[in-house]
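First the structure, in the form of structure tokens, and then the observations on it.
So that the names make sense, note that chain A is the first sequence line, chain B the second, and so on, each numbered from 1. Since this is a predicted model, take the numbers as computed values, not measurements.
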Number of protein chains: 2
Amino acid sequence: MITIKDIAKEANVSEGTVDRVIHNRGGVAKKTAAKVQQILKHYNFKVNPVASALATKNKYFIVALMPEHNEQDLFWKSPFSGILKAEEDVKNLGIHIKIFTFNQHESNSYLNAYKKALESQPSAVIMVPNFFKETTEITNDLEKLKIPYLFLNIDISGFKNISFVGQDSYTAGYIAGKLMHFNSPKSSEFLIIQFKENIIRNNAVSNRVKGFNDYLIKNKLDSKTHILEIENINNDSARKEIINSYLKNNPKITGIFVPFSKIYLIADCLENQYLDKLELIGFDNTQQNIDCLLNDSVSFLISQKPFEQGYEAVRLLSDYLIKNKISTDKFYLPIDILIKENVKYNIRKDFITS
Amino acid sequence: MITIKDIAKEANVSEGTVDRVIHNRGGVAKKTAAKVQQILKHYNFKVNPVASALATKNKYFIVALMPEHNEQDLFWKSPFSGILKAEEDVKNLGIHIKIFTFNQHESNSYLNAYKKALESQPSAVIMVPNFFKETTEITNDLEKLKIPYLFLNIDISGFKNISFVGQDSYTAGYIAGKLMHFNSPKSSEFLIIQFKENIIRNNAVSNRVKGFNDYLIKNKLDSKTHILEIENINNDSARKEIINSYLKNNPKITGIFVPFSKIYLIADCLENQYLDKLELIGFDNTQQNIDCLLNDSVSFLISQKPFEQGYEAVRLLSDYLIKNKISTDKFYLPIDILIKENVKYNIRKDFITS
DNA sequence: ACTATATTTGTGTACGTACATAAAAACAAT
DNA sequence: ATTGTTTTTATGTACGTACACAAATATAGT
């Protein structure tokens, strides 16, 4: 492995000069710089990131802005763990991470988390752009400060984010459509559950629904979809009443598609007659949802691989910071189809080891 | 972050002594060692792997013994790539890897590859134990030399391997059974293709078949399975003749299960009438198999995540060598269900980046 | 008590890079 | 030519660990 010392010897300059050339620190005569550059290229020199990390202690600081998780909404726990796991891998390379969480139902909380995050003078930001308008403010600010940022999980366009890490929601919905039809008669009706708050700002949900419907259309299936909007999904009795009565009035429905992470709330309130008869397909492998798979109330879950989202986001940014590796492309994670039998192998056991 | 220097100061000894205690190099008075140990534990000291790697240049050498890949048998290309990718991640930690390939149809080739591998005095071995008897010889040898070894992809018991990285074949077959029944009428017949050579030594194949059949039994499905053994699967015309005539004589068959990686050979030789009618389910996302998914001749592929197998094997061994982290448990990778729509997101684009 | 020997502990240098500081060279102004 | 100023280049130390070697201490034998 070729070192700075080797390059310096070859170019008849000191190691310091080579260092300046490598990092464009300036203060090197044009002619000398050119010579060094040429030799660097000739030997395809790459700095040893291990030695570099050791020399520049704690150089980089990544902050992550993401929704908080709790008992009712476990989804965000996995990206959280994924980020922590990745930090284990990169911390000795001088990269440290701090996660700031916000309440995904309050835009103010989002802005406040950002403000706090900014105080730690981050070198880069991982963010879940949950609110459009506020995200515009934040990214404008970051661009002024020349702090690179990456979108996690929510893919919105018109921004100068380094990359996006998450899932292709449209295709995921399309696949849900296909799975729904596996077990269904040729002409059946399906119920799509919507949740007011989601419709407003989460384009992932609408893309999934679009994909789901497109599957029917493209395959010329003689099926019909119903959409049922629920005001307050956390009101148990109201939810139960609304759904079961809707199913009673529409007996042809053979399946329910829940394009967001809370299918367990639907499964839990279905009357037995419907539970046995209906095909349920939802998103995300939270513990509650997994339980529904295991007790046969839900047939399929589509995983967004949330752990991997967090993990890869950190790895991508680390490569960007350390190796200047740019990846403008979207980083789409696999669309995992989970059933009762394979779900246990999808759970990451190995986070926070060290 | 606490350092050796800190520990030394606290214990009133020199850094060298602490180093000796940490690495059990001996030559430390019992009393002193105990004191240092206690302080190490108290601060939960962990060596900085980055500094350690820098100080001990190229300390570890891992060799991998795996089948070679070629145009006809692409399966082993992915673990190969996965290992190379992982090497990128760990090479600056002083871990280097060399892959030795062998002809999976000749046990001598396996032994020869091992002999060559041994010459490089490896610190650990990743091996695909393709031949039972020869594996016994090899592992006996390795145990004498106190070289740890890990099994990749093929899970055989009765050995002292550090770990196994691969798939739960039985469950994968069970899932194949479930998928096969999604689209089939209640009482249908299925054809399982076997391949002489595989039967002999690859217990993964027989476990998959067992899982497949168990799905029928456990769910009390009124189905029947046929088993068709093919002598020389690479003889195009013979294969075509055998399969199509078998299907002609058994018109009730609605699906074909191919429990090894060459379903494309089956799909390619089916007459159109069968191609349209039959459900095909196979293993492994090789390019040829993926093409079959995309042209609708195959409905499902179950991926063994071969890239990840290679990657994780290296990571596991690295952790073992560097951090002394032991993992006797089997490392089962997810059982990915691949369909036309999600297959493209399962292809790793990012190997050998550097 | 005095070597001889074994045991235990301390010191210094290397790994490859980053960066601060010192030194040298180049240039300008008087 | 001398001094001052800027540009350019060289040197040295630190990061945290590993390990060779030196030094100090303990133990045994006479």
Side-chain angles (χ1 to χ4, degrees), chain A residues 1-37 39-40 43-60 90-96 123 321-324 354, chain B residues 1-37 39-40 43-60 90-96 123 321-324 354:
Chain A
M1 178 166 265
I2 191 123
T3 71
I4 285 183
K5 200 188 279 181
D6 300 325
I7 301 288
K9 205 177 289 172
E10 179 96 9
N12 264 320
V13 294
S14 76
E15 300 173 34
T17 302
V18 176
D19 175 70
R20 273 179 292 261
V21 173
I22 290 171
H23 296 93
N24 298 312
R25 294 193 215 286
V28 179
K30 257 190 180 175
K31 213 172 127 192
T32 317
K35 189 166 72 178
V36 173
Q37 282 285 14
I39 295 172
L40 286 172
Y43 286 103
N44 189 28
F45 175 86
K46 295 257 157 43
V47 294
N48 179 338
V50 166
S52 177
L54 188 61
T56 61
K57 238 184 108 48
N58 300 350
K59 195 172 179 179
Y60 298 112
V90 299
K91 74 173 182 195
N92 290 303
L93 298 173
I95 296 177
H96 290 254
S123 346
L321 292 172
I322 293 181
K323 303 183 192 164
N324 267 317
S354 159
Chain B
M1 177 166 267
I2 190 123
T3 72
I4 285 182
K5 200 187 281 182
D6 300 325
I7 301 289
K9 206 176 290 173
E10 179 95 11
N12 265 319
V13 295
S14 73
E15 300 174 34
T17 302
V18 176
D19 175 70
R20 273 179 290 261
V21 173
I22 290 171
H23 295 94
N24 297 312
R25 295 193 215 286
V28 179
K30 257 190 180 176
K31 213 174 126 191
T32 318
K35 189 166 71 175
V36 173
Q37 283 285 14
I39 295 171
L40 286 172
Y43 286 103
N44 190 27
F45 175 86
K46 294 259 154 47
V47 294
N48 179 339
V50 166
S52 175
L54 187 60
T56 61
K57 239 184 108 47
N58 300 349
K59 194 171 178 180
Y60 299 113
V90 299
K91 75 172 182 194
N92 290 303
L93 297 174
I95 296 177
H96 289 254
S123 345
L321 293 172
I322 294 182
K323 304 182 190 164
N324 266 317
S354 158

Take B:Gly27 and A:Ala51, find for each the nucleotide of DNA chain C with the closest heavy atom, and name the residue whose nucleotide sits nearer the 5' end.
B:Gly27

Can a donor-acceptor pair under 3.5 Å be found between the side-chain atoms of B:Arg20 and the base atoms of D:dA18?
no

Rounded to whole Å, please give me the gap between CG in B:Leu93 and P in C:dG16.
15 Å

Categorize B:Asp19 for me: base, sugar-phosphate, or nothing, with a 4.0 angstrom heavy-atom threshold over every strand shown.
base

On the nucleotide D:dT9, are OP1 or OP2 found under 4.0 Å from the side-chain N or O atoms that A:Thr32 carries?
yes

Gap between atoms NZ and P, on A:Lys5 and D:dT11 respectively (whole Å):
13 Å

Separation of D:dC19 atom C1' from B:Lys57 atom NZ, nearest Å, is 16 Å

Below 4.0 Å: OP1/OP2 of C:dG10 and any side-chain N or O of B:Ser14:
yes

How long is the line joining CG of B:Leu54 and C1' of C:dT13, in whole Å?
13 Å

Taken to the nearest whole Å, CD/B:Glu15 to P/C:dA14 is 16 Å

Within the pair A:Thr3 and C:dC15, is there a side-chain N or O less than 4.0 Å away from OP1 or OP2?
no

Grab the CD1-P distance between B:Ile22 and D:dC19 for me, whole Å please.
12 Å

Is a side-chain N or O of B:Thr17 found less than 3.5 angstrom from the main chain of B:Val13, in a donor-acceptor match?
no

Indicate whether OP1 or OP2 belonging to D:dG16 is found under 4.0 Å from a side-chain N or O atom of B:Ser52.
no

Just the rounded figure in Å: distance from P of C:dT7 to CZ of B:Arg25.
19 Å

Residue pair A:Asn48 / B:Leu54: nearest heavy atoms and the distance that separates them:
ND2-CD1, 4.5 Å

Interatomic distance, B:Lys30 NZ vs C:dT9 C1' [rounded to whole Å]
19 Å

